[in-house]
Structures are given as structure tokens and as C-alpha cells.
S.K.: 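Before we start, here is the structure in question, set down as C-alpha cells.
Counting begins at 1 with the first residue of the sequence. Owing to the predicted nature of the structure, the values given are computational and were not obtained by experimental measurement.
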Amino acid sequence: MLSMPPQQIAELCNFASVADKEARSDLSLGYISGEDDYTSNFTGALRRIINSNSSTGLSATSFVLQPRIEQRTGCDATILISSNGHIKIAMFEAKLPRFGTSMYRWDYAQTASGLSHFSDQLTRQARFWPRFAIFEMFYCELPFGQQAAHLQSEGSSCTWHDETAQFDSSRSASRSPWTQGELDSLLQIRNTGVGDVLASICQCDHGTPMSMWGDAEAVAQEFSLEGPVLHIAAATSRR
């Protein structure tokens, strides 16, 4: 168990929501160029907010692992959360579906197979679920208040891996590239904000806590994680 007190979890979730809101604001104003840029801005903002504002004992560091030609996890970034000698691995795949652009093709057919790239990513994620807490994070480029009613009002709309994979298997044209309409249908069924995602992880509703050995980078190397990694350490209150 991570054994994080409720006030610490609430603080982290609030910080994550603020970081996501800041990144969405920059995206809507044209200061963010795409998925990778948003992910970097979001995780960087969360790190800075934690380190400059936490009153419950949170601290954050980040590092980048060498990317592989073929991403085996099907995810863009990793968030490690450690507390009480245990650590959880959370991973997410980021998408920028351009909700404001009609018929925008945010998914595509892979060259070799002709199958959906996103569906293939979900298949790769399944190898690590449910031990790792895996979610999909759909960024919104629209100004605040202009998004559809079923989308998150201030930040990104997130779905858990298992819910997304189940929807994927039910699509009438299964394994073909996803359409905007299909994504809207998924998000109308259920989506949540990144703050609630992290709350579920910290409360041990998703993901399996493991005994922590070495530092966070050693854990990331042990599991051959890829790309940017944000490590959030939860210690006893500092103030």
C-alpha cells in the first residue's frame, strides 16, 4: 500500500488538475505544437507546482529514458508514485484528436498491417494491465467553455485502459482506424479528469503497489520503461 493520507492525495490531485488546465490553456492559445509538447508541458508543470507549493510532503523529479524504435508499452509517458517504501507505476497514452476539427483523423492505419495504430497500442498496453495503472489521456485544444458537454470542462478527458480496450473490441469495424465519432461515443459513456485518475491510483483502486528497491530510475530501468518519466515521492509533511 502507498498509505498516502487523504490530504496528500487531495493536494496531488489538485496540482495535477491545475497542470493539465495550464497546458490546455497554452494549447488553445497556440503555444503547444502537439501531443509530445503537451505531455512535456503537463508533466513539467506538475513537477514545478509540486516542488514549489506542496505543504503535505510531496516532491517530484523527472528524467527521460532512451526511447525504442518500437514502443513495447503502447504509452507515451510514465508517472511513478512512491510512498511508505512502495511504488506504483502509472502509464498513459496521449492523443490530440482535435475535437474542434470535423472528421479529423487522429488515428491511422499502420503501414505493415493496415490496422488501427491506437488499437495496436491498446494491445501492447494489455500486457502490463492491471499491474500497471494505464490510462488514455485525450487533450482538448478548444478554449474553455467551447468543448462538448461530455468532455471535461477544464482539462483533458481520460479513460482507463480496460474500458477503452473493451470499447475497441465492440466497434463495428474492429481493428480499423478509430473515427472521431467512435471516440466521442467512448467519452460519452465514461471519462474522467486526470486528478481523479491519480486519486484512484493513490487509493490503490488501480495498479499494484510494489516494494521499492533503489531509486525511481532503477525501477524504471528494471521494467524497461520508455520516454519521459515523472517521479512523485510522498513523504511526511514538511511544513
S.K.: Report yes or no: does Ser54 contribute a side-chain atom to a donor-acceptor pair with the main-chain N or O of Ile50 at less than 3.5 Å?
M.R.: no

S.K.: Which label fits Trp106 and Phe118: parallel for a plane angle under 30°, tilted from 30 to 60°, or perpendicular past 60°?
M.R.: perpendicular

S.K.: Going by the angle between their ring planes, with limits at 30° and 60°, are Trp213 and Phe223 parallel, tilted or perpendicular?
M.R.: tilted

S.K.: Distance-only check: which donor-acceptor pairs under 3.5 Å involve side-chain atoms of residues 134-142, not counting sequence neighbours?
M.R.:
residue	atom	partner	partner atom	Å
Glu136	OE1	Gln125	NE2	3.2
Tyr139	OH	Thr39	OG1	2.8
Glu141	OE1	Phe99	N	3.2
Glu141	OE2	Phe99	N	3.3
Glu141	OE2	Gly100	N	2.7

S.K.: Is there a donor-acceptor pair under 3.5 Å between the side chain of Asn84 and the backbone N or O of Ser3?
M.R.: no

S.K.: Measure the spacing between CG of Leu2 and CD1 of Ile87 and express it to the nearest 0.5 Å.
M.R.: 9.0 Å

S.K.: List in chain and number order the residues that pass side-chain contact (heavy atoms from CB on, under 4.5 Å) with Pro6, two or more places apart in sequence or in another chain; answer none if no residue qualifies.
M.R.: none

S.K.: Kindly list each side-chain donor-acceptor pair under 3.5 angstrom involving residues 147-154, sequence neighbours excluded, with atom names and distances?
M.R.:
residue	atom	partner	partner atom	Å
Gln147	OE1	Arg24	NH2	2.7
Gln147	OE1	Gly145	N	3.1
His150	NE2	Asp184	OD1	3.2
Gln152	NE2	Asn191	OD1	2.8
Glu154	OE2	Lys21	NZ	3.2

S.K.: Residues two or more places apart in sequence or in another chain: which of them pass side-chain contact (heavy atoms from CB on, under 4.5 Å) with Glu35?
M.R.: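 For Glu35 the side-chain contact (heavy atoms from CB on, under 4.5 Å) partners, ignoring immediate neighbours, are Lys95, Leu96.
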
S.K.: Can you give me every donor-acceptor pair (side chain of residues 193-205, partner residue at least two apart or in another chain, under 3.5 Å) with its distance?
M.R.:
residue	atom	partner	partner atom	Å
Asp196	OD2	Thr192	OG1	3.3
Ser200	OG	His206	ND1	2.6

S.K.: With a 4.5 Å limit on heavy-atom distance, are the side chains of His161 and Met91 in contact?
M.R.: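 No, their side chains stay 4.5 Å or more apart.
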
S.K.: What are the two closest non-hydrogen atoms of Glu11 and Asn53, and how far apart are they?
M.R.: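 The answer is OE2-O, 4.0 Å.
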
S.K.: Glu182 vs Phe167, test: side-chain contact (heavy atoms from CB on, under 4.5 Å). Steps then yes/no.
M.R.: CA-CA 9 Å; Glu182 288 172 328; Phe167 183 92; 4.3 Å; yes

S.K.: Is the side chain of Asp26 donor-acceptor paired with the backbone N or O of Tyr31 at a distance under 3.5 Å, no angle test?
M.R.: no

S.K.: Applying side-chain contact (heavy atoms from CB on, under 4.5 Å), name anything that partners Arg175, two or more places apart in sequence or on another chain.
M.R.: Leu115, Ser119, Thr123, Asp168

